[in-house]
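Notes follow the structure.
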Amino acid sequence: MTALYVIVKYFTVVGSYVKAFLEHVCCRVYEVLIEDGRYLPANEMCGHIEHEIIKRRSVSFGVCFFPFLFNLLFGIIFISVGAMNVYYVGEFFTKSGFVNLANFLFLWLGVSFLSNLFPSVEDALTLKELIYGKDTKLFVKIIAAPVFAILFCGAYLERYCITFVTSVAVSFAVPTIYSYILPLLAV
């Protein structure tokens with residue numbers, strides 16, 4: 001399974017690299033010691049930064065959530081442009097007859113970013129331990145539950161390369177989703 005994981009990470013190299021870079025930035029901001037600064041090693045840490053175990057809840061949440069948020073925003077922007085132009089408008093070719101590579105590049109970038117949203121499984125398990133430990137208040141557990149559930153489940157989906165398949169499916173669904181949302185916004 002690691003070979004398929006690494007192949008998908010290298011195919012979506014832009015999203016993997018940006019995700020690892022954003023994790024690196026978050027580790028620097030929160031002063032977390034980085035053990036291995038390589039962004040794309042050929043193992044299960046491909047697209048992630050190996051760092052020391054985090055002991056504080058807010059730091060663990062920040063290291064898991066902020067790279068997720070930025071990759072999500074980048075992915076939505078690029079996949080929207082690419083999917084609308086390729087699937088909805090049908091701009092496969094330019095006026096001179098060449099393949100319109102810009103639209104396919106945007107589509108690939110969107111899939112690349114959306115395939116690399118989630119933290120590593122180790123980071124998700126650390127976040128679970130810190131949020132749902134004995135000394136955490138019930139209010140914090142309830143407030144953090146939806147975001148934690150998305151990050152935790154997504155970490156396992158990414159480990160088994162299911163996020164790549166779902167990102168491709170989202171790219172096909174974007175024009176349909178927008179066709180339902182845009183008329184509601186025009187009212």
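We count residues from 1, following the sequence as given. On a predicted model such as this, the values are computed, not experimentally measured, just so you know.
L130 and T136 get closest at one heavy-atom pair: O-OG1, 3.2 Å. The two residues T163 and G154 make their nearest non-hydrogen contact at CG2-O, 4.3 Å.
How far CG of L127 is from SG of C64: 5.0 Å, rounded to the nearest 0.5 Å. Distance check, rounded to the nearest 0.5 Å: CG of D135 to CZ of R57 gives 6.5 Å. Distance SG/C26 to CZ/F68: 13.0 Å, rounded to 0.5 Å. Distance CD/E50 to CD/E122: 8.5 Å, rounded to 0.5 Å. Separation of atoms CZ (F148) and CZ (F61) is listed at 11.0 Å; rounding is to 0.5 Å.
Contacts of Y30 classified as side-chain hydrogen bond (donor to acceptor under 3.5 Å, both in side chains), with partners at least two apart in sequence or in another chain: none. Residues passing the side-chain hydrogen bond (donor to acceptor under 3.5 Å, both in side chains) test with Y132: none are found, sequence neighbours excluded. Residues satisfying the side chain to side chain contact (heavy atoms under 4.5 Å, CB included) criterion with E52, sequence neighbours excluded, are V32, L33, E35. For I142, the side chain to side chain contact (heavy atoms under 4.5 Å, CB included) partners two or more places apart in sequence, or in a different chain, are L138.
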task = Output, in order, the C-alpha distance, side-chain angles, deciding distance and verdict of salt bridge (Lys or Arg N to Asp or Glu O under 4.0 Å) for E44 and K9.
result = CA-CA 10 Å; E44 68 275 351; K9 288 293 186 176; over 6 Å; no
query = Is there a side-chain contact (heavy atoms from CB on, under 4.5 Å) between F66 and L22 once you walk through the steps?
reply = CA-CA 8 Å; F66 290 120; L22 291 171; over 6 Å; no
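Between Y156 and Y160, the ring centre distance reaches or exceeds 6.0 Å.
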Table please: side-chain donor-acceptor pairs of residues 71-80 below 3.5 Å, with sequence neighbours left out.
from: N71; atom 1: ND2; to: N116; atom 2: O; distance (Å): 2.6
from: S80; atom 1: OG; to: I76; atom 2: O; distance (Å): 2.6
from: S80; atom 1: OG; to: Y178; atom 2: OH; distance (Å): 2.5

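Residue pairs meeting the side chain to side chain donor-acceptor pair (under 3.5 Å) criterion with at least one partner in residues 139-148, sequence neighbours excluded, do not occur; the list is empty.
Not one N or O on the side chain of S16 forms a donor-acceptor pair closer than 3.5 Å with the backbone of G47.
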